Trainee: 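After the structure tokens below, expect a handful of questions from me.
Excluded from the calculations below are hydrogen atoms, water molecules and symmetry mates; all remaining heavy atoms, backbone and side chain alike, are included. All values reported here derive from a predicted model rather than from experimental measurement.
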Amino acid sequence: MRKKILFVCSANTCRSAVAEAILFEYGRDRYDVSSAGIYARPETYMMPECAEALAKMFGHGFSARSHTAQRLSPHHMIRSDLVVAVTPYHAALVRAYYPHLSDKIVCFPNGGIYDISLLSGDALERAIERIRDGIFEMF
């Protein structure tokens, strides 16, 4: 049975969206992957710079419009086997909102994924490679 993994960040346009794309790319045969943002504005897309860095990493096209932001909901939480918060702060916040589900909430390894939305070029690519490496460590 495939595990259902949910990545959670703030806006669901960068960190959790990137983590979702990476685990889907490398683990789609073993995991059902989704992502959501605590403060997400529905109908917004992944940052184009993140999509470009992912396309480069994957070696094939990847569109920013392939991901639409989702606001974290009870439905996301209940249907997930594991909820991976991008930082300790996000983990604490999600646990506060869903204390009855706190046993399935973990933090991304090595202190988490801090805001990459202001990065570009090589710095963004390196940050996304660190996210990939953390996902490989977890999964």
Side-chain angles (χ1 to χ4, degrees):
M1 183 141 166
R2 293 159 49 110
K3 281 193 148 204
K4 293 174 179 67
I5 310 300
L6 173 67
F7 291 99
V8 177
C9 72
S10 298
N12 193 221
T13 59
C14 220
R15 295 174 285 183
S16 61
V18 164
E20 175 188 3
I22 291 170
L23 186 55
F24 180 79
E25 177 74 15
Y26 297 113
R28 74 181 94 195
D29 57 332
R30 292 171 291 169
Y31 302 101
D32 289 328
V33 189
S34 60
S35 63
I38 296 168
Y39 311 112
R41 288 185 340 196
E43 306 307 318
T44 55
Y45 300 106
M46 178 187 285
M47 285 182 41
E49 297 84 358
C50 290
E52 291 168 17
L54 287 169
K56 189 172 181 180
M57 176 186 289
F58 297 157
H60 60 77
F62 189 86
S63 169
R65 291 192 176 260
S66 66
H67 173 83
T68 305
Q70 301 287 314
R71 181 166 290 171
L72 182 63
S73 71
H75 174 74
H76 288 112
M77 294 296 297
I78 291 166
R79 75 173 289 275
S80 299
D81 297 314
L82 183 67
V83 177
V84 181
V86 297
T87 68
Y89 167 78
H90 289 88
L93 202 53
V94 175
R95 284 186 188 106
Y97 288 144
Y98 301 98
H100 60 291
L101 300 172
S102 64
D103 60 325
K104 64 167 78 177
I105 302 165
V106 300
C107 184
F108 199 84
N110 303 317
I113 308 168
Y114 288 89
D115 193 1
I116 63 173
S117 65
L118 300 178
L119 301 177
S120 62
D122 291 341
L124 180 60
E125 288 177 19
R126 283 191 305 277
I128 289 176
E129 287 169 358
R130 284 192 299 276
I131 295 170
R132 180 202 57 207
D133 295 346
I135 288 170
F136 287 176
E137 181 182 321
M138 289 186 81
F139 302 99

Trainee: Can you see which heavy atom on V18 is nearest to which on C50, and at what distance?
Mentor: CG2-CB, 3.8 Å
Trainee: Apply side-chain hydrogen bond (donor to acceptor under 3.5 Å, both in side chains) to S16 and list each qualifying residue two or more places apart in sequence or on a separate chain.
Mentor: N12
Trainee: Where do A36 and L6 come nearest, in terms of heavy atoms and distance?
Mentor: N-CD1, 3.9 Å
Trainee: Would you compute the distance between atom NE2 of H100 and atom CD1 of I78 and round it to the nearest 0.5 angstrom?
Mentor: 6.0 Å
Trainee: Going through the distances and angles, do L82 and K3 end up as a side-chain contact (heavy atoms from CB on, under 4.5 Å)?
Mentor: CA-CA 8 Å; L82 183 67; K3 281 193 148 204; 5.5 Å; no
Trainee: Suppose clustering is done on Ile, Leu, Val, Met, Phe, Trp and Tyr with side-chain heavy atoms closer than 4.5 Å. Which residues sit in the same group as F24?
Mentor: none
Trainee: In Å and rounded to the nearest 0.5 Å, what is the SG to CG distance from C14 to D115?
Mentor: 6.5 Å
Trainee: Grouping I, L, V, M, F, W and Y whenever their side-chain heavy atoms are under 4.5 Å apart, do M57 and I116 come out in a common cluster?
Mentor: yes
Trainee: H60: what forms a ring pair (Phe, Tyr, Trp, His ring centres under 6.0 Å) with it, not counting sequence neighbours?
Mentor: F58
Trainee: With sequence neighbours excluded, tell me which residues meet side chain to side chain contact (heavy atoms under 4.5 Å, CB included) with A51.
Mentor: M46, F62, A64
Trainee: How long is the straight-line distance from OG of S73 back to OH of Y97, given to the nearest 0.5 Å?
Mentor: 13.5 Å
Trainee: Are side-chain heavy atoms of L23 and F7 found at a separation under 4.5 Å?
Mentor: yes
Trainee: Atom CZ in R41, atom CD in Q70: separation rounded to 0.5 Å?
Mentor: 14.0 Å
Trainee: Please tell me if the side chains of V8 and H76 come closer than 4.5 Å, counting only heavy atoms from C-beta onward.
Mentor: no
Trainee: Working to the nearest 0.5 Å, report the span between OH of Y39 and CG of L93.
Mentor: 4.5 Å
Trainee: At what distance, to the nearest 0.5 angstrom, does CG of D81 lie from CD1 of I5?
Mentor: 6.5 Å
Trainee: Output all residues satisfying salt bridge (Lys or Arg N to Asp or Glu O under 4.0 Å) with R2, sequence neighbours left out; order by chain, then residue number.
Mentor: D32
Trainee: Only counting residues at least two apart or in another chain, list the ones meeting side chain to side chain contact (heavy atoms under 4.5 Å, CB included) with R79.
Mentor: K4, S34, H75
Trainee: When clusters are formed by joining ILVMFWY residues with side-chain heavy atoms under 4.5 Å apart, either directly or through shared neighbours, do V84 and L72 land in the same one?
Mentor: no
Trainee: Compare all side-chain heavy atoms of M77 with those of V83 and state whether any distance is below 4.5 angstrom.
Mentor: yes
Trainee: For S80, give me all partners under side-chain hydrogen bond (donor to acceptor under 3.5 Å, both in side chains), at least two apart in sequence or on another chain.
Mentor: none
Trainee: Which residues pass the salt bridge (Lys or Arg N to Asp or Glu O under 4.0 Å) test with E25, not counting sequence neighbours?
Mentor: R28
Trainee: Please name all residues satisfying side chain to side chain contact (heavy atoms under 4.5 Å, CB included) with R95, sequence neighbours left out, ordered by chain then number.
Mentor: A91, S102, I105
Trainee: Determine yes or no for a side-chain-to-main-chain donor-acceptor pair under 3.5 angstrom, with R15 supplying the side chain and C9 the backbone.
Mentor: no
Trainee: Within the supplied structure, the quantity of interest is the number of heavy atoms (other residues, nucleotides, ligands) at a distance under 6.0 Å from Y89 OH; does it exceed 12?
Mentor: no
Trainee: With clusters defined by side-chain heavy atoms of hydrophobic residues (ILVMFWY) lying less than 4.5 Å apart, directly or transitively, does F108 cluster with L101?
Mentor: no
Trainee: Which residues satisfy the side-chain hydrogen bond (donor to acceptor under 3.5 Å, both in side chains) test with S120, sequence neighbours excluded?
Mentor: none
Trainee: With sequence neighbours left out, what residues match Y45 under side-chain hydrogen bond (donor to acceptor under 3.5 Å, both in side chains)?
Mentor: R65
Trainee: Show me, pair by pair, the donor-acceptor contacts under 3.5 angstrom made by side chains of residues 122-139, not counting sequence neighbours?
Mentor:
residue, atom, partner, partner atom, Å
E125, OE1, K56, NZ, 3.2
E125, OE2, K56, NZ, 3.2
E137, OE1, N110, ND2, 3.3

